[in-house]
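In this text, all values refer to a predicted model and were calculated from it rather than measured experimentally. The sequence lines fix the lettering, A, B, ..., with proteins before strands; numbering per chain opens at 1.
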Amino acid sequence: MNAREVAAVLEEIGVLLDLKGENPFKSRAYAAAARSLEALEADLESLLRKGHLQKLPGIGRGLAGTIATLAATGNLPYLEELRQSVPEGLVDLLEVPGLGPKRIRIMHEKLGVDSPGALRCACKQGEVAKLSGFGARTEEKILQGLAQMGKHAGNYLSSEALALAGALCERVRALRGVCEVEIAGSLRRGKEVVKDIDLVAAARVAPGVIRAFTEFPEVVRVVGSGITRASVVTGSGIAVDLRVVKPAAFPFALMYFTGSAEHNTALRRRASAQGLKLNEYGLFKGRRPTRCADEAAVYRGLDLPFILPELRENLGELEAAESGSLPELIASEDVRGLLHMHTRWSDGEDTVEEMARTAASIGLSYIGIADHSPAARYANGLDANRLKKQAREISAVNRAQKKCRVLHGIEADILVDGRVDVPAGVDLDFVVASIHSGFQMGEKEMTARLVRALSDPRVSILGHPTGRLLLRREAYAVNIEHVLAAAAGHGVAVEINANPHRLDLDWRYLRRARELGVRFVISPDAHRALDLAHYSGGVAVARKGWLTKGDVLNTQSAARLLSSLRRPL
DNA sequence: GCCGTTTTCGGCCCGACTGTTTTCAGTCG
């Protein structure tokens with residue numbers, strides 16, 4: 001097993017221990033070790049060989065043994081035992097809002113509840129309300145939670161959430177007594193996909209603000225509301241949290257509610273080590289609060305430079321901040337061009353000319369058209385004949401306008417036998433080789449197919465496997481490693497999909513890519529010119545991934561890169 | 001189960017909110 005797979009097992013053990021009602025610190029230890037492994041940059045195998053496993057934070061003698069067993073054999077008797085003793089359905093119940101391991105265990109022991117279905121039955125029969133510590137309100141909330149599980153379990157695109165969050169901010173700002181209001185949470189951290197919206201406001205008197213907020217027209221349901229905080233659900237289904245603090249506490253609250261939880265925990269630990277205490281109300285030395293005008297001042301108080309929200313994941317940013325090596329991040333305005341556009345020639349919705357015009361209007365100096373190859377019949381893929389016609393159209397667009405150079409490529413399927421579906425006899429600027437169904441096959445077959453495909457000298461960019469499956473991290477994780485390794489051996493670039501649905505690229509992969517000398521290209525996989533409006537989501541991906549300004553290509557260097565990647569036939 | 005320059009035992013981030021209680025446990029972020 002590799003580090004990520006081992007981490008998943010440790011994570012599962014932690015959850016099972018919770019459900020069994022074991023020492024919560026023990027389960028937390030497993031979760032912490034899993035996180036430590038996930039953040040691992042070095043190779044797990046070499047770490048094991050050198051016996052350096054226990055140097056990782058949160059991994060002691062016991063877990064080092066467990067990890068070694070897992071890495072070597074791929075299974076663990078302890079895990080099997082745990083799985084035997086905890087019904088599978090209990091894990092699903094953790095998804096119900098308001099239910100944690102303790103209550104789930106009580107309902108399992110007293111009522112035999114072992115799945116969401118069984119829980120629904122027990123609630124409807126009024127059994128849950130009879131349990132001590134439970135009541136009618138709790139039962140009702142569980143039923144609501146169960147209903148919501150299916151309905152609003154979804155994630156939301158950051159672009160969607162941002163629009164709503166902005167509108168709500170304006171409303172809050174207009175309320176009496178409000179001095180400041182900001183978007184916090186994962187949305188501020190630039191995540192591509194968010195589960196909810198967090199807003200933080202500063203006001204001298206909070207209750208009036210909270211009440212007004214719960215009465216906004218966007219609000220369809222008030223989940224909870226207190227003196228300083230309210231949680232609501234909006235018409236679009238997105239949950240919104242508002243916290244109101246006193247003006248002096250605003251920077252601390254903004255920082256606290258921006259998170260991530262892991263970043264916060266690390267900061268508080270750091271504060272504690274310096275004899276300070278940090279919470280959402282301030283930074284304290286004993287009982288004395290430290291004055292901070294903004295977030296940067298709070299970081300200064302902890303002897304750190306300001307850390308951009310996009311980096312606050314406790315994946316090495318504190319260490320980077322300490323050693324003065326924080327990366328300079330890409331902003332929207334840094335992006336010069338994007339590759340991999342679809343047009344009406346295959347399954348896109350706009351013409352080449354429209355794509356170019358929109359791209360130019362948002363300041364891009366080049367785009368790459370890459371419609372589907374013939375094998376993608378479902379998407380009206382282009383054969384040699386149509387590709388030649390498309391080439392003439394692109395030339396015409398390039399002659400008619402000089403603002404945005406249009407490059408001509410193709411998104412070619414990697415076929416089951418590993419051949420790349422590029423029609424012969426057409427001169428193309430680049431080829432994106434794309435795996436469309438790579439998830440069902442095993443690791444070995446996948447690698448073989450990739451290696452075969454990449455030995456085709458026409459391939460310049462390796463596209464990511466597309467589709468809903470990419471949202472499942474584990475499937476994606478296996479693939480990105482293969483993709484990088486394969487790309488390294490063949491001098492091709494790897495595509496970073498700018499469509500926020502598509503990718504959750506982690507900075508350690510970018511580091512790995514650097515080590516391997518693999519270049520990335522940013523690509524929106526856009527089907528409509530308007531989709532370009534969403535490309536800030538792509539930049540967010542890049543930012544989270546710590547792409548730096550050096551990774552941005554201008555038109556000349558993009559063309560140079562593409563031609564250098566394309567070896568002579 | 002991890003961790004330690006006041007500790008090898010006894011801590012483990014912390015505060016708000018909710019619903020159940022009559023002082024608190026569970027959950028969430």
The side chain of A:Thr228 lies closest to which of these nucleotides: B:dG1, B:dG19, B:dA16?
B:dA16
Interatomic distance at P, B:dG15 relative to B:dG10, whole Å
24 Å
For a quick check of understanding: with a heavy-atom distance under 4.0 Å over all strands, which category does A:Ser225 fall into, base, sugar-phosphate or nothing?
sugar-phosphate
How about A:Glu45: does its CD atom have over 12 heavy atoms from other parts shown lying under 6.0 Å from it?
no
B:dG26 and B:dT20: how far apart are their P atoms, nearest whole angstrom?
14 Å
Please measure how far the P atom in B:dT6 lies from the corresponding atom in B:dC2, and state the result in whole Å.
24 Å
Do the side chains of A:Arg105 and A:Asp18 get close enough for a salt bridge, i.e. N-O under 4.0 angstrom?
no
Would you measure the distance from the C1' atom in B:dG1 across to the matching atom in B:dT5 and give it in whole Å?
23 Å
Should A:Glu12 and A:Arg83 count as an ion pair when the cut-off is N to O under 4.0 Å?
yes
Contact check, side chains of A:Leu44 and A:Leu53, non-hydrogen atoms, under 4.5 Å
yes
Using the P atom on both, measure B:dT7 against B:dG11 and round to a whole Å.
15 Å
side-chain contact (heavy atoms from CB on, under 4.5 Å) partner of A:Val298, the single match among A:Leu254, A:Leu278, A:Leu267:
A:Leu278
Over how many whole Å does the gap from A:Asp18 atom CG to B:dG1 atom P extend?
14 Å
Once base and sugar-phosphate atoms are separated, protein heavy atoms under 4.0 Å mark nucleotides 23-29 of chain B, 5' to 3', with B, S and - as ---SSSB
Distance in angstrom units between A:Leu70 CG and B:dG1 C1', rounded:
15 Å
Would you sort out whether A:Glu317 and A:Asn314 count as a side chain to side chain contact (heavy atoms under 4.5 Å, CB included), showing the intermediate values?
CA-CA 6 Å; A:Glu317 72 276 13; A:Asn314 196 28; 4.1 Å; yes
Assign each of A:Arg137 and A:Gly60 the nucleotide of DNA chain B bearing its closest heavy atom; nearer the 5' end lies the nucleotide of A:Gly60
Mind checking A:Ala253 for me? I need base, sugar-phosphate or nothing, with any heavy atom below 4.0 Å counting as a touch.
nothing
Calculate the interatomic distance between A:Tyr78 atom OH and B:dG1 atom P; express it in whole Å.
6 Å
P atom, B:dC12 versus B:dC17: distance in rounded Å?
23 Å
Both A:Thr265 and A:Arg61 contact DNA chain B. Taking the nearest nucleotide for each, which residue is further toward the 5' end?
A:Arg61
Spacing of A:Leu283 atom CG relative to B:dC14 atom P, expressed in whole Å:
14 Å
At under 4.0 Å between heavy atoms, what does A:Asn264 touch on the DNA or RNA strands: base, sugar-phosphate, or nothing?
nothing
So, is A:Asn279 near the phosphate of B:dG15, with a side-chain N or O under 4.0 Å from OP1 or OP2?
yes
